[in-house]
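Fair warning: this is a prediction, and the values are worked out from it, not measured in the lab. Atom set for the values below is all heavy atoms of this structure, side chains included, hydrogens, waters and symmetry mates excluded.
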Amino acid sequence: MNENSSKVDFAEILRNRTKKFVVDNIKFFRTLPKTEEAKIIGRQLLRSSSSVGANYRAACRARSQAEFHSKLSIVVEEADESVFWMEILVEAQVVKSSELNCLSGEANQILQIASASRKTVSSKNR
């Protein structure tokens with residue numbers, strides 16, 4: 001397997017993971033209590049998590065390294081924001097941390113992968 005082929009495979013795997021992340025957040029949102037604060041914070045989480053998937057997909061279609069870097073930067077920001085809203089849901093005792101273990105773990109992994117990829121792109125552009 002050549003390097004280009006493995007990059008394509010990696011991108012496809014991450015595209016599928018970010019899409020699943022969005023779907024999993026939608027499913028989680030449906031389980032939230034029907035309180036006003038749960039709805040508000042839940043919508044914020046939906047926005048940021050769906051942006052992770054959409055912007056990673058856009059990054060895969062980038063026309064330049066600069067555009068790729070820009071879209072990856074948005075993925076990093078939105079993944080971090082998703083983690084933030086999950087922390088708020090737990091710390092405000094809207095949900096138990098055990099309800100978010102898998103989702104927050106995936107958000108943190110996506111954040112680490114996107115951050116590392118962005119650094120790689122940045123170092124190649126120097």
Side-chain angles (χ1 to χ4, degrees):
M1 181 181 286
N2 66 29
E3 184 182 338
N4 222 14
S5 171
S6 63
K7 283 182 184 177
V8 170
D9 291 343
F10 177 79
E12 184 63 27
I13 289 167
L14 193 54
R15 186 167 43 239
N16 290 335
R17 279 181 74 175
T18 57
K19 184 178 181 181
K20 183 180 182 313
F21 179 67
V22 175
V23 171
D24 290 347
N25 272 281
I26 292 168
K27 290 177 181 176
F28 171 73
F29 178 79
R30 292 177 183 151
T31 71
L32 286 172
K34 303 303 176 208
T35 62
E36 194 61 29
E37 65 272 13
K39 286 181 200 171
I40 291 167
I41 298 166
R43 283 189 191 106
Q44 291 294 114
L45 176 57
L46 277 180
R47 284 186 192 101
S48 60
S49 64
S50 60
S51 184
V52 169
N55 280 290
Y56 185 75
R57 189 177 187 124
C60 291
R61 300 267 186 252
R63 294 164 291 190
S64 67
Q65 286 284 74
E67 187 177 350
F68 181 74
H69 185 274
S70 175
K71 293 297 179 183
L72 263 186
S73 294
I74 296 169
V75 172
V76 169
E77 283 179 39
E78 298 295 340
D80 187 53
E81 185 176 331
S82 295
V83 170
F84 172 78
W85 292 121
M86 289 177 200
E87 289 171 354
I88 295 299
L89 285 168
V90 171
E91 290 175 26
Q93 298 176 337
V94 176
V95 299
K96 292 182 174 77
S97 63
S98 59
E99 295 176 59
L100 276 168
N101 282 344
C102 288
L103 266 181
S104 63
E106 183 66 356
N108 279 305
Q109 285 182 25
I110 290 168
L111 178 57
Q112 289 174 337
I113 292 166
S115 293
S117 296
R118 184 175 62 171
K119 275 185 187 162
T120 300
V121 171
S122 292
S123 66
K124 285 182 181 179
N125 287 341
R126 287 185 190 151

Q: Grab the two heavy atoms, one from Val121 and one from Gln65, that are nearest each other, plus how far apart they are.
A: CG1-O, 4.1 Å
Q) Are more than 12 heavy atoms from other residues, nucleotides or ligands located less than 6.0 Å from atom CZ of Arg57? A) no
Q | Side chain Ser51, main chain Arg47, donor-acceptor under 3.5 Å | A | no
Q. Is there a donor-acceptor pair closer than 3.5 Å between any side-chain N or O of Ser82 and the backbone N or O of Ser49?
A. yes
Q: Give the intermediate values and the outcome of side chain to side chain contact (heavy atoms under 4.5 Å, CB included) for residues Thr18 and Ile110.
A: CA-CA 8 Å; Thr18 57; Ile110 290 168; 4.2 Å; yes
**Q.** Atom pair CG/CG of Asn25 and Leu100 - distance to nearest 0.5 Å
**A.** 8.5 Å
Q. Can you list every pair that meets side chain to side chain donor-acceptor pair (under 3.5 Å) and has a residue in residues 85-97, with sequence neighbours left out?
A. Glu81-Trp85
**Q.** ILVMFWY cluster, Met86 and Leu111 together (side-chain gap under 4.5 Å)
**A.** no
Q) Is there a path from Val75 to Leu14 through hydrophobic residues (I, L, V, M, F, W, Y) whose side chains come within less than 4.5 Å of each other? A) yes
Q. Would you say Phe29 and Ile26 are hydrophobically clustered, going by side-chain heavy atoms of ILVMFWY under 4.5 Å?
A. yes
Q.
Test of understanding: with salt bridge (charged side-chain N to carboxylate O under 4.0 Å, His left out), list the residues that count as partners of Glu67, not counting sequence neighbours.
A. Arg63
Q.
Rounded to the nearest 0.5 Å, what separates atom CG in Asp24 from atom NZ in Lys19?
A. 12.5 Å
Q | Ile41: which of Ile88, Thr35, Leu46, Leu32 passes side chain to side chain contact (heavy atoms under 4.5 Å, CB included) | A | Ile88
Q. Considering all heavy atoms of both residues, which atom of Lys34 and which atom of Lys39 are nearest to each other, and what is their separation?
A. O-CE, 3.7 Å
Q: Give the intermediate values and the outcome of side chain to side chain contact (heavy atoms under 4.5 Å, CB included) for residues Leu45 and Phe84.
A: CA-CA 9 Å; Leu45 176 57; Phe84 172 78; over 6 Å; no
(Q) Could you report the tightest heavy-atom contact between Ser50 and Val22, atom names first, then the distance? (A) CA-CG2, 3.6 Å
Q. Side chain of Asp80, backbone of Val76: donor and acceptor closer than 3.5 Å?
A. no
Q: Determine yes or no for a side-chain-to-main-chain donor-acceptor pair under 3.5 angstrom, with Ser48 supplying the side chain and Gln44 the backbone.
A: yes
**Q.** Transitive ILVMFWY side-chain link Val52 to Ile13, under 4.5 Å
**A.** no
Q.
If the condition is salt bridge (charged side-chain N to carboxylate O under 4.0 Å, His left out), which residues does Arg17 pass it with, not counting sequence neighbours?
A. Glu106
Q. Under a single-linkage definition using a 4.5 Å side-chain heavy-atom cutoff for Ile, Leu, Val, Met, Phe, Trp and Tyr, are Ile74 and Tyr56 assigned to the same hydrophobic cluster?
A. no
(Q) Within this structure, what is the OG-CZ distance for the pair Ser104 and Phe28, rounded to the nearest 0.5 Å? (A) 9.5 Å
